[in-house]
Amino acid sequence: MNFKYLSRFACLSALSLMTFSCSEDDSPSSEPSNSSDYRPYHLVIGSSPTGESETYIQGTTVEELNDPNKTYTFNGYGREVPSTRTARLYTSNDGETVYNLNYGGGDIAKYDYISGQNYDLLLTTDIQAVMGTLYPRWTKIDDNYAMLHNVTTEHIYEDPDDENSPYLRTDATVTLARVDLNTLTVLENRSFQFPYDEDNSEEGIHTFRIDAPVIANGKLYYGVAKRFYDALTGENGTMVYDNIETLVVDYPSLENETTIVSTVAQGSTNGYRTPVAHIDENGDTYQMVTNGSATIMKISNGVYDTSYNKFDIGSLLGYNAEANTGWFYVGNGIGYVPVLNTDLGDNSSSNWKVIRVDVYNKTAVEMNIPIDLWLRQYQWASVIDGKLYMALASLGGVGNVYIFDPSSTSADGYTTGAVLQTGTTDASYIGLF
């Protein structure tokens, strides 16, 4: 891929234009579309395991995605998505409007999709003043609203002016803001101290990140990541989890903050750029534990469901499997999880797999995908006519649009559509929106 060419090409416009597309309503889940009637879909490329990268997009149709004779390339084609780091994208349910969080740039933008690589900028809004940072995260809640979120931390000492005085705790301040996607205006916004356990806090354990909320029964459920601060060294040490935790606030008021906790599983629940929690057809929430062994938990009626216990995916696969990004839900209990085989390498390695899971029957099948995958920054997959479409290619290599059939329990339960080219040694597709 000729990134230099694309950068120069994009600069010819007053503002570069962008694309993404997802099917979702009340949660950041890949929700099924009812038909394959015209709706634009968007391929996104650009991630690198070796550092920051530019991000590019182009639009297409479901007919072309299914065509094995079609080849997609970003060599001299595609529009750059403005972002200091890898872009955070969402679209309207019909795929005609694209939203981008300029992660590191402190603004959000709204675009109208025209065709191919052509997008028109409609609105931009600076969010740095509201969020207090250039690096908030966000999640589209439904076709009208999105949530911005951030956590800041402060180490508290007995003498506020002397870090050599006794360490007391680490405070975590949560900032939330609801965005009207029609006007890109910030509506409710609120900051509060994260509810913490006093014993954990005195030990230096604190929340440092929240992400990937879903709405259930008038409340937002946020995944939580914790960190350990070593007051003796003044550095963050290795965090050893003994539970999982979820932040809960009223929606849309963003008030009455509380948490729910379970000791059945251990790890974080915030994910990494990928949806983490999905609400099924019965109204229950299935949440991925994204640190440690790949595990799914169930939240029912506002609490962790003790009767469900946990769905330990890693124990079924025969190797140490970590699902540290999130997962995609198709429907009727079936979803697909990117997992890392940590026996073979860390996050930067191409040792990722795609696992079909049945959360009702607690079964897991590794899909037989014959290419090396790096999925650390993979963001989105689209449900089209009841099947899951993923853009999968090896780093710097080729791949295909993979179309997973949830009705099949076979490791070969998929077909392949269009060919995907990357063009550079460290480029990777990060989603089909």
Partners meeting side-chain hydrogen bond (donor to acceptor under 3.5 Å, both in side chains) with Asn351 (sequence neighbours left out):
Ser349
Using the ring-ring contact (aromatic ring centres under 6.0 Å, His included) criterion, which residues pair with Tyr157? Sequence neighbours excluded.
Tyr167
Measure from the ring center of Tyr56 to the ring center of Phe74 and say whether it is less than 6.0 Å.
no
Between Arg88 and Tyr103, is NZ or CZ placed under 6.0 angstrom from the six-membered ring centre and within 45° of the ring axis?
yes
Side-chain atoms of residues 208-225: list all donor-acceptor pairs with protein atoms under 3.5 Å, sequence neighbours left out, distances to 0.1 Å.
unit_1: Asp211; atom_1: OD1; unit_2: His149; atom_2: NE2; d: 2.8
unit_1: Lys219; atom_1: NZ; unit_2: Asp250; atom_2: OD1; d: 2.5
unit_1: Tyr222; atom_1: OH; unit_2: His149; atom_2: ND1; d: 3.1

Who pairs with Glu255 by salt bridge (Lys or Arg N to Asp or Glu O under 4.0 Å), at least two apart in sequence or on another chain?
none
Suppose we screen for salt bridge (Lys or Arg N to Asp or Glu O under 4.0 Å). Which residues come up paired with Asp171, at least two apart in sequence or across chains?
Arg169
By salt bridge (Lys or Arg N to Asp or Glu O under 4.0 Å) - contacts of Lys387 (at least two apart)
none
Restricting to side-chain hydrogen bond (donor to acceptor under 3.5 Å, both in side chains), what partner residues turn up for Ser394, sequence neighbours left out?
none
Arg178 meets the salt bridge (Lys or Arg N to Asp or Glu O under 4.0 Å) criterion, sequence neighbours left out, with Glu188
My understanding is that only residues two or more places apart in sequence, or in another chain, count here; which of them pass side-chain hydrogen bond (donor to acceptor under 3.5 Å, both in side chains) with Asn189?
none
Contacts satisfying salt bridge (Lys or Arg N to Asp or Glu O under 4.0 Å) that involve residues 228-240 (not counting sequence neighbours) are none
List for me each residue that meets side-chain hydrogen bond (donor to acceptor under 3.5 Å, both in side chains) alongside Asp343, sequence neighbours excluded, and say none if there are none.
Asn320
Would you mind listing every side-chain hydrogen bond (donor to acceptor under 3.5 Å, both in side chains) that reaches into residues 285-294, with sequence neighbours excluded?
Thr246-Gln287, Ser268-Thr290, Gln287-Tyr304, Ser293-Asp312
